[in-house]
Amino acid sequence: QVQLVESGGGLVQAGGSLRLSCAASGRAFSSYAMGWFRQAPGKEREFVATISRSGSDTYYADSVKGRFTISRDNAKNTVYLQMNSLKPEDTAVYSCAARIWGTTSAKPNGYDIWGQGTQVTVSS
């Protein structure tokens with residue numbers, strides 16, 4: 001069973017940047033579509049970005065389009081989320097997820113394996 005471990009979260013001022021990483025164990029990483037989701041206190045889990053197995057296809061939530069970039073390095077079993085121009089409303093726990101069957105998806109229930117999450121806090 002693949003395991004996902006996120007890192008890179010922290011406290012940043014509005015307008016700043018962070019890069020999140022999600023490291024996967026196991027050898028099948030390149031066969032999984034991957035996604036990033038976030039959940040703020042009192043809110044439901046929200047789609048952020050997704051990337052196909054090869055990395056050729058990416059999709060973003062409208063709220064982060066143009067500011068966030070998802071990428072992956074299959075040789076390193078890692079998916080990244082580069083976050084620029086951060087806003088206080090981006091504050092949340094960010095989790096990566098692996099989708100074993102199928103291609104990219106914006107729906108949380110389309111993913112099979114989840115990491116524990118990393119906190120991102122953006123101060124105004």
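Just the heavy atoms: all of them, side chains too, but no hydrogens, waters or symmetry mates, feed the values below.
- Under the 4.5 Å side-chain contact rule for hydrophobic residues, F47 and V120 do not share a cluster.
- N74 places no side-chain N or O within 3.5 Å of a backbone atom of S54 that could act as its donor or acceptor partner.
- Heavy atoms only, all atoms of each residue included: S17 and S85 are closest at OG-N, 4.3 Å.
- Atom-to-atom distance recorded for T58:OG1 and M34:CE is 14.5 Å, nearest 0.5 angstrom.
- Listed by first and then second residue, the salt bridge (charged side-chain N to carboxylate O under 4.0 Å, His left out) pairs involving residues 81-104 are R38-D90, R67-D90 (not counting sequence neighbours).
- In this structure, L20 and M83 have side chains that are in contact, with non-hydrogen atoms separated by less than 4.5 Å.
- Residue L4 holds its CG atom at 7.0 Å from OG of S25, rounded to the nearest 0.5 Å.
- Applying the salt bridge (charged side-chain N to carboxylate O under 4.0 Å, His left out) rule to pairs touching residues 52-65 yields D62-K65, sequence neighbours excluded.
- A donor-acceptor contact shorter than 3.5 Å is absent between the side chain of Q116 and the backbone of V5.
- Ring orientation note: the planes of W114 and F37 are tilted relative to one another, at an angle of 30° to 60°.
- For the residue pair A14 and S124, the shortest heavy atom distance occurs at CB-CA, 4.3 Å.
- The shortest side-chain heavy-atom distance between E46 and S63 falls under the 4.5 Å cut-off.
- With hydrophobic clusters built from ILVMFWY side chains whose heavy atoms lie under 4.5 angstrom apart, W36 shares a cluster with I100.
- Interatomic distance, S123 OG to Q13 CD, rounded to the nearest 0.5 Å: 5.0 Å.
- Residues R19 and Y80 have side chains in contact (heavy-atom distance under 4.5 Å, counting atoms from C-beta outward).
- Counting only heavy atoms from C-beta outward, the side chains of Q119 and T91 approach each other to under 4.5 Å.
- Nearest heavy atom pair, residue I70 against residue Y60, reads N-OH, 2.9 Å.
- With a 6.0 Å cutoff to the six-membered ring centre and a 45° limit on the axis angle, R72 does not count as a cation-pi contact of Y32.
- For F29 against D73, the heavy-atom pair with the smallest separation is CE2-O, 4.1 Å.
- Distance CG/L81 to OG/S71: 8.5 Å, rounded to 0.5 Å.
- A33 and Y111 make their closest contact through O-CE2, 4.2 Å (heavy atoms, listed as atom of the first residue, atom of the second, distance).
- Heavy atoms only, all atoms of each residue included: G117 and S95 are closest at CA-OG, 3.5 Å.
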